[in-house]
Amino acid sequence: MLKLGLSHISTTIVNNSNTARTYGSGGLDVFATPAMIGLMENAAMTAVENDLPEGSSTVGAHISTSHVKPSKLGATIKATAVLEEIDGRKLTFKVSACDDEGIIGEGTHIRYIVDIERFMAKLK
């Protein structure tokens, strides 16, 4: 059963596979904004996955976030998502990311609960 306050922390280490240079979102070997956003989405998805109805999943629909500080190779990044609002199938999360020195980004993320079979049938 979904309830407000469900949360999860997803973690990664900055390495050559998740830098701005590798993603093509910048030219430096620092943690890429798209990688940070993906980690935030993963935290939100994971926060609720065990409390969804059988045969359901969530899909990301919107994210509004800042990326205010670079993180170097080798840094540990932790993204936290907290479920703040439930409106039918619409779930709104507060998301943030930090490295060993503090906050690197924060914002809100919206996901929708979908029936997996029906959702995937739309792609055929």
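In what follows, residues are counted from 1 in the order of the sequence shown. Below, all heavy atoms of this structure are taken into account, side chains as well, without hydrogens, waters or symmetry copies.
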Response to the item:
dist T46:OG1 -> L6:CG (nearest 0.5 Å) comes out at 12.0 Å
Worksheet item: About how many Å separate NZ of K78 and CG of D99, when rounded to the nearest 0.5 Å?
Response: 11.0 Å
Discussion item. Is there a path of hydrophobic side-chain contacts, each under 4.5 Å between heavy atoms of I/L/V/M/F/W/Y residues, joining M40 to V30?
Written reply: no
Worksheet item: Say you draw a straight line from SG of C98 to NZ of K69; how long is it, rounded to the nearest 0.5 Å?
Response: 10.0 Å
Worksheet item: Hey, any chance L83 and I37 share a hydrophobic cluster, counting ILVMFWY side chains that come within less than 4.5 Å of each other, even indirectly?
Response: yes
Fill in: Atom pair OH/OG of Y112 and S56 - distance to nearest 0.5 Å
15.5 Å
Worksheet item: Got more than 12 heavy atoms from elsewhere within 6.0 Å of NZ, K94?
Response: no
Worksheet item: For the side chain of H62 and the backbone of H109, is there at least one donor-acceptor N/O pair under 3.5 Å apart?
Response: no
Practice prompt. Answer yes or no: is there a side-chain heavy-atom contact under 4.5 Å between I77 and S71?
Written response: yes
Discussion item. I need the minimum non-hydrogen distance between M36 and A97, along with the two atoms involved.
Written reply: CG-CB, 3.8 Å
Discussion item. Determine whether a donor-acceptor pair (N or O, by modelled atom type, separation under 3.5 Å) exists between the side chain of N18 and the backbone of I13.
Written reply: yes
Discussion item. Measuring only between side-chain heavy atoms, which start at C-beta, is T19 closer than 4.5 Å to L28?
Written reply: no
Item to complete: Check S17 against T22 and note the closest heavy-atom contact, atom names and distance.
Response: O-CG2, 3.8 Å
Worksheet entry | Closest heavy-atom pair and its distance - L73, D29 | CG-O, 3.9 Å
Worksheet item: Can you name the closest pair of heavy atoms from S25 and A32 and give their distance?
Response: OG-CB, 3.9 Å
Worksheet entry | Note, S57 side chain near E49 side chain (heavy atom, < 4.5 Å) | no
Item to complete: Taking the side chain as every heavy atom from C-beta outward, state whether V48 and F93 have any pair of such atoms under 4.5 Å apart.
Response: yes
Discussion item. Between E41 and R111 (salt bridge meaning N to carboxylate O under 4.0 Å), is one present in this structure?
Written reply: yes
Worksheet item: Given side chains that start at C-beta, do those of Y23 and T33 come closer than 4.5 Å, heavy atoms only?
Response: no
Worksheet item: With hydrophobic residues grouped by side-chain heavy-atom distances under 4.5 Å, do I116 and L123 end up in a single group?
Response: yes
Worksheet item: How long is the span from the CG atom in D115 to the CD1 atom in I113, to the nearest 0.5 Å?
Response: 11.5 Å
Fill in: Shortest non-hydrogen separation from V59 to F119 and the atoms involved
CG1-CZ, 3.8 Å
Practice prompt. Find out whether V114 and R89 are in side-chain contact, i.e. whether some heavy atom of one side chain is under 4.5 Å from a heavy atom of the other.
Written response: yes
Worksheet item: Is it true that M45 and L4 fall in one hydrophobic cluster, defined by side-chain heavy atoms closer than 4.5 Å?
Response: no
Discussion item. Testing the basics here: between A81 and V95, what is the closest heavy-atom pair and its distance to 0.1 Å?
Written reply: CB-CG1, 3.9 Å
Worksheet item: Can you get from I63 to I104 by hopping between Ile, Leu, Val, Met, Phe, Trp and Tyr side chains that sit under 4.5 Å apart?
Response: yes
Discussion item. What's the separation between atom CD in E101 and atom NZ in K72, rounded to the nearest 0.5 Å?
Written reply: 6.0 Å
